[in-house]
Engineer: 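Okay, handing you the structure first.
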Amino acid sequence: MLEIKLVRQNLAAVEAALATRGQSADLETFKTVDARHRQALQEVEELRHRRNVVSDEIARLKRAGAAAEAFVVEMRTVSARIKVLEKTLAETQEALSAILMALPNLPHVSVPVGKDSTENPVIKTWGRPPQFEFAPKAHWDIGADLKILDFERATKITGARFPLYFDAGARLERALINFMLDVHTREHGYHEVLPPFIVNRPSMTATGQLPKFEQDLFKLEQWDYFLIPTAEVPLTNIHRGEILDEDALPRCYTACTPCFRSEAGSYGKDTRGLIRQHQFNKVELVKYCTPEVSDAELESLLAQAETILVKLGLPYRVVLLCTGDMGFAAAKTYDIEVWMPAQGVYREISSCSNFEDFQARRADIRFRRKGKKGTELVHTLNGSGLAVGRTLAAILENYQQADGSVAIPEALRPYAGGMEALRP
RNA sequence: GGAGAGAUGGCCGAGUAGGUCGAAGGCGCUCGCCUGCUAAGCGAGUAUACUCCGAAAGGGGUAUCCCGGGUUCGAAUCCCGGUCUCUCCGCCA
């Protein structure tokens, strides 16, 4: 959420900034409702003050045994008026918050203006795509040949876009999870967390999935609960409504969780393989920090996610999302894209974002500076470190051999019981 | 699922014949004093949001004693609904 004062005082600038995101924010309604709200608020506060003063006076009179009936009668009118105004205020408040909750974050100054993913600049490329003396197979074919992935039976169990791993495939996924969590906790200072996979509406609202993107979520029938689309949601809500000590920052959490996404609107896209599933595992990284370091924390977050790919020897590139391609809550986002040989393209495997105070304001997460009065909003960041299913797919494709086997990256072998290759 | 108890400031914990309660007291913490050494004592301060005045320091106002609604001139205190926690019984991993 944007700060209401900022929107109020910079209507045109906010409108212009949001326009670069492809959002036509009509803030005229905001302007009129806000004015009405402020006027009613001023009046009601004056009346409440009057009521408080007179009520004290009535109490004093009664204690003294004097008559207070005149005041009581006057206050009846005042209270009635207050009640009317409070109703107005409740309405304007709700309208304002609905408008504000639907506005995306403002882009960071370093974010290039652009309309969609075709305008994302590539800022870094690492590793060389492997050269094959044969036609590289797609990971779903490799998975079928090795009998470690079975999408047909997954469809029987649930439906389209659900994963079913067997044997070395299941083992490899587990190895990747442990590997990633170990790197982030041991080398990058993250606290490991095992959070709930189902969260309530306030949590989803705090991180920005709600109210706008409910159609992207799986919702429980009988409860106002949702399956998490990413561990970002529970991890960022750990400190919702809290005031943290400056000393406690930056605070970093990592968790591996399944992620559930309805993938509404993506029918026909990536219909095969592990790339786009309704359920997938992801190791997530979340940071809470002070505002002055969040730019630097985004860079280190990106580097931490990259580490995994480097250790696994998977070629990748980093792109900086342009204004038109960024997610709702992000001020700045880097995507890491891994090389997928079969399609000959780079595919997103991590997304690292700085949300600045956008989520913190919705979630009411503050901190207190040492020796200073008052509180400030923290900045939150998160990134995938990494999407596990896509990582496994990338390993299958990049490490495939002419004989149909798949070599296991050196760094992963200790986690895979010393296994050196997957063989048919 | 059945029966009961409870939700107050960082923590503990007073506060129900409604007014003098933003809320006693204690602990913790901060600053100062004293003392002087792994202690004690003394004094002061110690919630958040919004808003107004002020250059600032600071001061004024409104709201918040789980949440929402009601009664009332006035509610932490009364009434209704909800949420959560705890105890006992049943059930289940």
Side-chain angles (χ1 to χ4, degrees), chain A residues 1-9 30-31 33-101 194-206 210 220 222-226 234 237-249 251 258 288 291 357-378:
Chain A
M1 192 164 65
L2 301 179
E3 186 178 17
I4 190 164
K5 275 184 274 188
L6 179 106
V7 178
R8 185 183 294 144
Q9 288 159 17
F30 170 85
K31 201 171 161 183
V33 176
D34 184 49
R36 202 150 67 88
H37 183 257
R38 283 157 64 78
Q39 202 212 321
L41 189 62
Q42 196 184 333
E43 189 186 343
V44 83
E45 289 200 348
E46 278 167 17
L47 289 177
R48 286 201 279 227
H49 180 220
R50 171 80 183 143
R51 184 179 66 184
N52 287 343
V53 169
V54 175
S55 288
D56 281 352
E57 185 58 24
I58 291 171
R60 206 168 301 127
L61 288 171
K62 290 211 163 178
R63 262 194 312 264
E69 194 52 32
F71 283 132
V72 170
V73 169
E74 183 200 341
M75 284 307 104
R76 263 199 269 273
T77 327
V78 171
S79 281
R81 176 64 183 157
I82 289 174
K83 195 153 280 185
V84 169
L85 286 169
E86 282 177 342
K87 189 158 196 172
T88 306
L89 281 170
E91 287 163 12
T92 51
Q93 181 58 60
E94 191 173 349
L96 287 175
S97 117
I99 293 170
L100 287 174
M101 290 299 250
L194 184 58
F197 302 159
I198 295 175
V199 301
N200 57 28
R201 187 172 287 273
S203 290
M204 283 293 188
T205 306
L210 295 179
L220 270 60
Q222 317 266 3
W223 305 62
D224 201 21
Y225 289 171
F226 301 84
N237 276 281
I238 289 174
H239 295 297
R240 172 152 55 88
E242 295 184 16
I243 299 170
L244 307 173
D245 286 336
E246 185 179 15
D247 293 346
L249 301 173
R251 184 81 180 162
Y288 301 69
D357 64 14
F358 187 86
Q359 293 181 325
R361 185 170 293 106
R362 291 173 163 241
D364 189 26
I365 307 169
R366 307 173 162 272
F367 74 101
R368 206 188 307 274
R369 286 194 196 272
K370 252 195 151 119
K372 282 208 175 174
K373 279 191 178 175
T375 59
E376 294 175 49
L377 292 167
V378 302

Engineer: By the 4.0 Å heavy-atom rule, please label A:Asn52 as base, sugar-phosphate, or nothing.
Structural biologist: sugar-phosphate
Engineer: For A:Glu246, look at atom CD and say whether over 12 heavy atoms of other residues, nucleotides or ligands are found less than 6.0 Å away.
Structural biologist: yes
Engineer: If B:C91 has a Watson-Crick or G-U wobble mate with both distances under 3.5 Å, name it; if not, just say none.
Structural biologist: none
Engineer: Could you work out the separation of B:G10 and B:A17 based on their P atoms and round it to a whole Å?
Structural biologist: 27 Å
Engineer: Give a yes or no answer on whether the side chain of A:Arg251 reaches the backbone of A:Tyr288 with a donor-acceptor pair at less than 3.5 Å.
Structural biologist: no
Engineer: Watson-Crick or G-U wobble partner for B:U20, using a 3.5 Å limit on both distances?
Structural biologist: none
Engineer: Quick check: on RNA chain B, is the nucleotide nearest A:Trp223 upstream (toward 5') of the one nearest A:Glu45, or the reverse? Name the residue that is more 5'.
Structural biologist: A:Glu45
Engineer: Tell me the partner of B:A47, counting only Watson-Crick (N1-N3 plus N6-O4 or O6-N4) or G-U wobble (N1-O2 and O6-N3) with both under 3.5 Å; none if nothing fits.
Structural biologist: B:U64
Engineer: According to the Watson-Crick and G-U wobble definitions, with both distances under 3.5 Å, which nucleotide is paired to B:G25?
Structural biologist: B:C12
Engineer: Checking contacts here: which listed nucleotide (B:C73, B:A49, B:U62) is nearest the side-chain heavy atoms of A:Arg76?
Structural biologist: B:C73
Engineer: Report the base-pairing partner of B:A76 (Watson-Crick or G-U wobble, both distances below 3.5 angstrom), or none.
Structural biologist: none
Engineer: Choose from B:U62, B:A49, B:G74 the nucleotide whose nearest atom is closest to any side-chain atom of A:Thr375.
Structural biologist: B:A49
Engineer: B:U20 P sits how many Å from A:Glu57 CD, rounded?
Structural biologist: 14 Å
Engineer: Taking atom C1' of B:U64 as reference, at what distance in whole Å does atom CD of A:Gln93 sit?
Structural biologist: 14 Å
Engineer: Does the pair A:Lys83/A:Glu86 count as a salt bridge with the N-to-O cut at 4.0 Å?
Structural biologist: no
Engineer: The side chain of A:Arg48 is closest to which nucleotide in this list: B:C73, B:A63, B:U71?
Structural biologist: B:A63
Engineer: Would you indicate whether A:Gln39, at its atom CD, is surrounded by more than 12 heavy atoms from other residues, nucleotides or ligands within a distance under 6.0 Å?
Structural biologist: no
Engineer: With C1' as the reference atom in both, quote the distance from B:U20 to B:A76 in angstrom, rounded to an integer.
Structural biologist: 16 Å
Engineer: Sticking with atom P, work out how far B:C67 lies from B:C11, rounded to a whole angstrom.
Structural biologist: 15 Å
Engineer: For the P atoms, the ones on B:A3 and on B:G61, what distance do you get once it is rounded to whole angstrom?
Structural biologist: 49 Å
Engineer: Measure CG/A:Leu89 against P/B:U51 and give the value in whole Å, please.
Structural biologist: 14 Å
Engineer: Of A:Arg38 and A:Ile243, whose nearest nucleotide on RNA chain B comes first from the 5' end?
Structural biologist: A:Ile243
Engineer: Quick one: which of B:A47, B:U51, B:G74 gets closest to the side chain of A:Ser55?
Structural biologist: B:G74
Engineer: Taking the same atom, P, in B:U62 and in B:C21, what whole-Å distance lies between them?
Structural biologist: 16 Å
Engineer: At their closest point, which heavy atom of A:Phe226 faces which heavy atom of A:Arg201, and how far apart are they?
Structural biologist: CZ-NH2, 3.5 Å
Engineer: If we take the C1' atom in both B:U30 and B:A47, what is their distance in whole Å?
Structural biologist: 15 Å
Engineer: Pairing check on B:U85: which nucleotide meets the Watson-Crick or G-U wobble criteria with it, both distances under 3.5 Å?
Structural biologist: B:A5
Engineer: From B:U51, B:A49, B:G61, pick the nucleotide closest to the side chain of A:Arg8?
Structural biologist: B:U51
Engineer: Would you check if the side chain of A:Arg362 reaches a backbone N or O of A:Met101 as a donor-acceptor pair within less than 3.5 Å?
Structural biologist: yes
Engineer: Rounded off to whole Å, could you give me the CZ-to-P distance for the A:Arg366 and B:G10 pair?
Structural biologist: 14 Å
Engineer: Starting at CZ of A:Arg201 and ending at P of B:G82, how long is that distance when rounded to a whole Å?
Structural biologist: 20 Å
Engineer: Rounded to whole angstroms, how far apart are CD on A:Glu74 and P on B:C73?
Structural biologist: 13 Å
Engineer: Select one nucleotide: of B:U48, B:C50, B:U20, the one nearest the side-chain heavy atoms of A:Leu41.
Structural biologist: B:C50
Engineer: Taking atom types as modelled, is there a side-chain donor on A:Asn200 or A:Ser203 under 3.5 Å from an acceptor on the other?
Structural biologist: yes
Engineer: Using the side-chain heavy atoms of A:Arg368, tell me which of these nucleotides is nearest: B:C73, B:A47, B:U71.
Structural biologist: B:A47
Engineer: Looking at B:C42, which nucleotide sits across from it as a Watson-Crick or G-U wobble partner, both distances under 3.5 angstrom, or is there none?
Structural biologist: B:G32
